[in-house]
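Along the sequence shown, residues are numbered consecutively beginning with 1. Side-chain atoms are counted along with the backbone in the values below, which use heavy atoms only and exclude waters and symmetry mates.
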Amino acid sequence: MGEAAISLSPRAQATASRWTQAALSCEPADRARAESAVRVAYRAAGHSEPSRILWLPSLSAALDQLRQLLDAGHTSLVSSVRKATLNGALSAARAPVWEQTSDLDRFTAFGAFHQFMEWHGYYGEQRYDGVEARYDLMEHPYRCNPVTEQERTALTPVLQTVRQVYDQAHRPIWAAIDRHLAYAYSLHAAWFWNDDQTLVEEDDEARALIRYCLNPRDWSFDPAWNYYPDWLVLAAIDAYQELFGTTAGPGWNGCRDVALTAGPWWPLSSVAVMTERPTVLRPTDSARPSGDDGPTVVWPDGSRLEASGGNPLPPQ
């Protein structure tokens, strides 16, 4: 993919391969399996099954449909069906690891308190003149467990591998989609984003885990629950089960199976919006001359994205 190969154990490699293959797949969606998984995901989140499941042939078409549905009064259920479900599964998978962690390892884990201490120089300069701020933060702790060094060591190679696929294959797509939306509708991410936080939220276990495994100060790649696919979070849950022998429970099965069988999707009140996978998906790579191999991405409706990174072009 244009970068040095990441060293992975056989189990970690199997997990990373599962989610990189899902991200790069150009096979037609398995609609029957995906729709069954959607219904499982709704039920797991405590919602009635959607009365309609709409399939769209491209991301642009899906986002157009989403705007119409939101304008018509449908409520986004992303926060409960995807975010809360996957955070719960991740917490369940992490719990046995955290329970067996020593007090010392807990104190030195990567999390909001320790990052605050580092940024304010408490670790490097050994000064404790800011005790008031220190104890105020201790009284309002991170609600999800910080990330231990053991977790970072095990999960980072898996998440780096999946993120590399995102950077080279999907980030250009979403950047172009963003430009297209802004130009065509003045449609902002707020349509699909339930909060305006740029830092890790206290109760967003998935965002915290990915942030502290990939880069403690990297704010540019949080899983954007309402916009992008959940591959990194799903890979993290999978990695806990494979590498630590824990279980996430059955609640995440629906979200997992949708991601393995279809493109990005959005659960709304009474209706789920689904997308087909691209028919062509060529990762961008510094070793591959841009523009020489045709479109970088083509969807079933003929819409495409050129290697130059412009806005998505309409069907031919």
Side-chain angles (χ1 to χ4, degrees), residues 14-63 65-66 69 74 76-90 92-93 158 162 165-166 169-170 173 192 206 223 225-242 247-281 297-301 303:
T15 301
S17 295
R18 181 177 301 118
W19 296 106
T20 55
Q21 288 171 13
L24 293 172
S25 176
C26 291
E27 294 295 320
D30 184 339
R31 292 195 177 193
R33 184 180 169 193
E35 290 182 10
S36 177
V38 164
R39 297 184 178 96
V40 169
Y42 271 73
R43 293 197 301 269
H47 296 289
S48 300
E49 296 180 5
S51 58
R52 289 187 295 161
I53 297 179
L54 303 179
W55 282 93
L56 282 303
S58 65
L59 283 177
S60 293
L63 294 172
Q65 181 67 68
L66 277 171
L69 291 168
H74 289 272
S76 171
L77 300 181
V78 169
S79 182
S80 58
V81 175
R82 283 171 49 195
K83 178 178 178 178
T85 295
L86 293 181
N87 266 312
L90 185 57
V158 174
V162 181
V165 169
Y166 174 85
H170 291 276
I173 298 172
F192 310 111
W225 290 107
N226 288 276
Y227 234 155
Y228 311 114
D230 303 324
W231 294 308
L232 271 180
V233 185
L234 293 162
I237 296 169
D238 223 358
Y240 275 98
Q241 298 190 133
E242 286 292 327
T247 179
W252 73 302
N253 291 352
C255 293
R256 178 197 62 198
D257 287 352
V258 175
L260 290 172
T261 55
W265 72 294
W266 293 266
L268 305 178
S269 55
S270 76
V271 58
V273 175
M274 316 287 293
T275 58
E276 282 285 348
R277 293 161 167 157
T279 56
V280 174
L281 179 59
V297 190
V298 180
W299 282 275
D301 63 356
S303 60

Less than 3.5 Å apart, any donor N or O on the side chain of Asp238 or Thr15 sitting next to an acceptor on the other?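 Result is no, nothing qualifies.
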Taking [Y]'s backbone N and O only, do any of them form a donor-acceptor pair with [X]'s side chain (distance below 3.5 Å, no angle check)?
| X | Y | value |
| --- | --- | --- |
| Arg82 | Trp265 | yes |
| Thr261 | Asp257 | yes |
| Thr275 | Leu59 | no |
| Thr85 | Val81 | yes |

Least distance between heavy atoms, [X] atom then [Y] atom:
| X | Y | result |
| --- | --- | --- |
| Pro267 | Tyr42 | CA-OH, 3.2 Å |
| Val258 | Ala34 | CG2-O, 3.9 Å |
| Cys255 | Ala41 | N-CB, 4.1 Å |
| Ala206 | Val233 | CB-CG1, 3.6 Å |
| Ala29 | Trp55 | CB-CZ3, 3.7 Å |
| Ala23 | Val165 | CB-CG1, 3.8 Å |

Does the pair Val162 and Thr20 meet the rule for a side chain to side chain contact (heavy atoms under 4.5 Å, CB included), with working shown? CA-CA 5 Å; Val162 181; Thr20 55; 4.2 Å; yes
Exactly one of Leu90, Asp230, Leu232 should register a side-chain contact (heavy atoms from CB on, under 4.5 Å) with Ile237. Which one does?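 Of Leu90, Asp230, Leu232, side-chain contact (heavy atoms from CB on, under 4.5 Å) with Ile237 is met by Leu90 alone.
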Reported [atom1]-to-[atom2] distance for the pair [X] and [Y], which is rounded to 0.5 angstrom:
| X | Y | atom1 | atom2 | answer |
| --- | --- | --- | --- | --- |
| Ile173 | Ser58 | CD1 | OG | 11.5 Å |
| Arg39 | Ile53 | CZ | CD1 | 4.0 Å |
| His170 | Leu281 | NE2 | CG | 5.0 Å |
| Gln241 | Trp252 | CD | CH2 | 5.0 Å |
| Met274 | Arg31 | CE | CZ | 9.0 Å |
| Leu260 | Arg18 | CG | CZ | 7.5 Å |

Can you give the donor-acceptor pairs under 3.5 Å from side chains of residues 43-51 to other protein atoms, not counting sequence neighbours?
| from | atom 1 | to | atom 2 | distance (Å) |
| --- | --- | --- | --- | --- |
| Arg43 | NH1 | Glu49 | OE2 | 2.4 |
| His47 | NE2 | Ser80 | OG | 2.7 |
| Ser51 | OG | Ser270 | O | 3.0 |

Test side chain to side chain contact (heavy atoms under 4.5 Å, CB included) on Leu69 and Arg52 and set out the steps. CA-CA 12 Å; Leu69 291 168; Arg52 289 187 295 161; 4.0 Å; yes
Quick one: does Arg277's side chain get under 4.5 Å of Cys26's, heavy atoms only?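 They are not in side-chain contact.
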Starting from the C-alpha separation in whole Å, work towards a yes-or-no answer on side chain to side chain contact (heavy atoms under 4.5 Å, CB included) for Trp19 and Arg256. CA-CA 10 Å; Trp19 296 106; Arg256 178 197 62 198; 3.7 Å; yes
